[in-house]
Student: 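Okay, handing you the structure first.
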Amino acid sequence: MILCMLNIYPNRASMSELTQAEQMGILGYEAYTILDRPDKPVPITHIDQADIDQLKQTTELPAIVEQGAASGRNVIMLQLESFQNFLIGLEVDGQEITPNLNQLARQSLYFPNFYQQVGQGNTSDAEFVVNTSFYTPPNGAATTVYADKALPSLPKLMSANGYQTATFHTNDVRFWNRDQLYKALGFDQYYDIDYFGTQDSIAFSASDEVLYSKTLDKLESMHSSGKPFYAHIISMSAHHPYTLPKNKVKLTLPERYKDTLPGDYLISQHYADQAVGQLIAGLKERGLWENSLFVLYGDHLGLPIYSLDRDDKVLMKELYGREYTSADMINIPLIISAPGVTPGVQLEQIGGQVDILPTIAGLTGVSLKDQLHFGQDLLHEGGNLLPERYYLPSGSVLNDASLFIPAKGYGDGTHYSLADAGRQDAGQQQMDVPSEEVPKISADKVPPVFTTPNNSELSSRFITKEQYDRALDLAHLSNSYLSQLPDRKDAK
């Protein structure tokens with residue numbers, strides 16, 4: 001234990017939990033997490049939605065989409081593996097990397113300022129956050145820490161409003177304890193490797209093409225029952241290390257991208273985009289598209305800064321037109337499409353995975369009156385505050401204008417402007433940084449911009465100590481509530 005401690009404290013400051021684990025070693029990190037206990041939980045009887053709303057301090061947005069605009073429709077939510085936002089609209093030597101998703105963004109509500117909020121569980125944590133509107137635990141994966149609890153969730157909410165619910169993942173359901181997570185979330189049914197098989201395997205399981213083809217069969221069957229459904233689909237093929245079978249490679253990149261992490265990543269995501277195109281075509285062919293609300297987002301980053309070598313960073317600078325930053329790394333897209341929902345609008349307000357549940361509830365007209373949630377309806381509420389952890393140190397937080405990353409606390413942290421990915425030291429009064437050239441993306445590749453109220457004010461504001469404290473309180477309230485929930489009756 002003494003040796004572990006000697007290895008812990010010199011490495012503690014300025015580290016994400018991921019970096020801590022890598023540098024301390026597993027024994028050191030486990031000792032650190034045992035000793036670094038979170039604050040005493042807030043009694044569950046003292047936590048209600050009013051407390052959360054007071055900490056979040058959201059603002060009202062003008063009505064872009066009416067409440068209940070997708071009422072009664074199926075809800076199809078697609079989680080894309082390792083998919084970062086910079087891919088939308090990206091061209092390399094005149095080639096679109098994600099042509100199908102570019103087209104979808106042009107025809108849908110597109111949120112480019114959207115961020116991951118996963119922890120140690122990565123993909124499974126994304127499933128947890130979007131289906132609960134709670135944050136990940138201070139230590140460990142949500143699928144192991146919270147899976148025995150009777151969780152409030154989107155599947156339970158939709159089920160109470162007459163929906164069937166199912167989730168689709170080509171891997172073994174026991175991986176990351178998903179068999180217990182799905183029970184805790186209340187899905188009526190899950191489909192895993194036993195249903196999808198191992199044919200046409202990529203990475204750990206059957207390809208995205210198989211995933212979508214066999215999922216379409218189930219969705220068509222659910223739709224024919226006459227009851228609306230909520231389906232959560234988890235893609236897999238673009239998983240690290242981004243090695244595709246040769247017959248799946250349909251993108252030819254310049255020689256400088258060959259055998260590089262960014263190059264392999266672009267090739268894998270190009271394949272993933274093709275498969276999504278086939279899914280959308282299948283939904284339309286089977287008469288499901290026009291009867292559904294379609295929600296698409298990335299699960300987590302694919303290109304961590306600390307995994308890039310010097311040549312990789314040069315390529316990333318080429319792709320972005322500037323230095324690749326921590327804010328870029330955790331930036332994922334959110335795209336929402338449904339008949340009757342205003343198409344082709346790019347919304348600038350910031351959002352995170354915790355906001356998906358209340359946004360879907362707003363669109364479907366489902367009440368959240370008795371559903372505790374830490375997210376907000378992105379179509380009606382602005383002024384977001386997004387706590388981050390694991391890939392960035394706990395205490396990191398985003399608001400509409402900036403990302404703050406602490407070292408040991410607020411006083412020695414660093415602020416990053418989201419407007420220009422600039423940097424400044426804590427304690428300065430202004431973001432006095434040179435503007436960077438932004439990537440040149442053709443106007444027809446992305447929708448026009450919808451400007452939120454007071455956006456000029458937000459662009460000059462960075463995280464205050466008061467916002468930092470509120471973000472910490474939000475994360476603590478979330479863990480306090482979940483950790484004190486009763487165990488579900490069928491928990492192992």
Side-chain angles (χ1 to χ4, degrees), residues 33-34 36-56 77 117-121 123-167 169 173-190 192 230 232 353-358 360-361 366-376 387 389-390 394 472-492:
T33 57
I34 291 171
D36 191 49
R37 295 292 187 188
D39 295 335
K40 184 178 179 180
V42 176
I44 194 169
T45 54
H46 294 178
I47 304 172
D48 59 26
Q49 194 62 48
D51 299 322
I52 298 167
D53 294 343
Q54 184 176 12
L55 287 171
K56 287 183 65 67
M77 187 153 67
Q117 292 181 285
V118 301
Q120 187 176 331
T123 297
S124 63
D125 271 354
E127 293 175 74
F128 167 83
V129 174
V130 302
N131 278 299
T132 63
S133 194
F134 282 80
Y135 308 116
T136 56
N139 302 301
T143 47
T144 55
V145 177
Y146 299 140
D148 290 342
K149 298 297 184 180
L151 299 173
S153 72
L154 183 59
K156 292 176 183 177
L157 182 68
M158 301 309 287
S159 179
N161 283 272
Y163 279 69
Q164 309 167 74
T165 63
T167 185
H169 192 302
V173 73
R174 293 168 295 181
F175 190 58
W176 279 111
N177 205 36
R178 281 186 175 89
D179 55 338
Q180 299 306 307
L181 174 67
Y182 295 157
K183 290 179 182 179
L185 294 175
F187 277 108
D188 294 333
Q189 185 62 266
Y190 66 76
D192 74 335
Y230 162 50
H232 195 194
Q353 289 167 327
V354 74
D355 300 317
I356 287 180
L357 184 154
I360 287 176
V366 172
S367 173
L368 291 177
K369 181 181 177 182
D370 299 317
Q371 182 94 359
L372 201 72
H373 56 282
F374 283 78
Q376 61 199 57
R389 59 169 38 124
Y390 193 67
S394 288
L472 289 175
D473 288 344
L474 283 167
H476 183 52
L477 275 186
S478 173
N479 185 58
S480 294
Y481 187 86
L482 293 175
S483 63
Q484 295 174 83
L485 283 174
D487 289 346
R488 54 187 175 84
K489 294 178 180 179
D490 61 344
K492 288 185 178 180

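Numbering starts at 1 and runs along the sequence shown. All values below were derived from every heavy atom in this structure, side-chain atoms included, with hydrogens, water molecules and symmetry-related copies excluded.
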Student: Phe175 versus Asp192: any side-chain heavy-atom pair under 4.5 Å?
Tutor: no
Student: Considering only heavy atoms from C-beta outward, does the side chain of Thr144 approach that of Gln120 to under 4.5 Å?
Tutor: no
Student: Find the distance between OG (Ser153) and CD (Gln371) and round it off to the nearest 0.5 Å.
Tutor: 6.5 Å
Student: Nearest 0.5 Å please: distance from the CD atom of Gln484 over to the CD1 atom of Ile47.
Tutor: 6.0 Å
Student: With a 3.5 Å distance limit and no angle check, can you tell me whether Thr143 reaches the backbone of Asn177 through a side-chain donor-acceptor pair?
Tutor: no
Student: Does the plane of the ring in Phe187 sit parallel, tilted or perpendicular to the ring in Tyr182? Use 30° and 60° as the thresholds.
Tutor: perpendicular
Student: Do side-chain atoms of Lys183 reach the backbone of Asp148 as a donor and acceptor pair under 3.5 angstrom?
Tutor: no
Student: Is there a donor-acceptor pair closer than 3.5 Å between any side-chain N or O of Gln376 and the backbone N or O of Pro358?
Tutor: no
Student: Whether the side chain of His373 engages the backbone of Val354 through a donor-acceptor N/O pair (distance < 3.5 Å, no angle test) should be reported.
Tutor: no
Student: Using atom types as modelled and distance alone, determine if a side-chain donor or acceptor of Asn479 lies under 3.5 Å from a backbone N or O of Ala475.
Tutor: no
Student: Looking only at non-hydrogen atoms, find the nearest pair between Pro152 and Phe134 and report the distance.
Tutor: CG-CE1, 3.6 Å
Student: Go through it in stages, so that I can follow the logic: the residues are Asp487 and Lys149, the test is side-chain contact (heavy atoms from CB on, under 4.5 Å), and I'd like the CA-CA distance, side-chain angles, deciding distance and then a yes or no.
Tutor: CA-CA 4 Å; Asp487 289 346; Lys149 298 297 184 180; 3.3 Å; yes
Student: What's the shortest heavy-atom distance between Ser480 and Ser483, and which atoms?
Tutor: O-OG, 3.1 Å
Student: After noting the C-alpha distance and the side-chain angles of Gln117 and Tyr135, does the key distance pass the side-chain contact (heavy atoms from CB on, under 4.5 Å) rule?
Tutor: CA-CA 7 Å; Gln117 292 181 285; Tyr135 308 116; 3.8 Å; yes
Student: Check the pair Asp188 / Tyr163 against side chain to side chain donor-acceptor pair (under 3.5 Å), numbers first and verdict last.
Tutor: CA-CA 10 Å; Asp188 294 333; Tyr163 279 69; over 6 Å; no
Student: Calculate, to the nearest 0.5 Å, the distance between atoms CG and CG belonging to Leu368 and Leu157 respectively.
Tutor: 6.0 Å
Student: Going from CG on Asn161 to OG on Ser367, what distance comes out if it is rounded to the nearest 0.5 angstrom?
Tutor: 8.0 Å
Student: Give a yes or no on whether the backbone of Ala126 and the side-chain of Gln353 come within a donor-acceptor separation of less than 3.5 Å.
Tutor: no
Student: Roughly how far, to the nearest 0.5 Å, is the CG atom of Leu477 from the CD1 atom of Ile52?
Tutor: 6.5 Å
Student: Which atoms form the tightest heavy-atom contact between Gly375 and Ser133, and what is the distance?
Tutor: N-OG, 2.8 Å
Student: Under a 4.5 Å cut-off applied to non-hydrogen side-chain atoms, are Ile360 and Met77 in contact?
Tutor: yes
Student: Please determine, by modelled atom types, if Asn131 and Tyr230 share a side-chain donor-acceptor pair under 3.5 angstrom.
Tutor: yes
Student: For the pair Arg389 (side chain) and Asn139 (backbone), establish whether a donor and an acceptor sit closer than 3.5 Å, ignoring hydrogens and angles.
Tutor: no
Student: Walk me through it: do Leu357 and Thr132 pass the test side-chain contact (heavy atoms from CB on, under 4.5 Å)?
Tutor: CA-CA 7 Å; Leu357 184 154; Thr132 63; 5.6 Å; no
Student: For the pair Val118 and Val129, evaluate side-chain contact (heavy atoms from CB on, under 4.5 Å) and give the outcome as yes or no after the intermediate values.
Tutor: CA-CA 7 Å; Val118 301; Val129 174; 5.7 Å; no
Student: Check whether any side-chain N or O of Asp125 sits under 3.5 Å from a backbone N or O of Ala141 as a donor-acceptor pair, and report yes or no.
Tutor: no
Student: How long is the gap from CG on Leu185 to CG on Leu154, to the nearest 0.5 Å?
Tutor: 9.0 Å
Student: Taking the side chain from Lys56 and the backbone from Leu474, do they hold a donor-acceptor pair closer than 3.5 Å?
Tutor: no
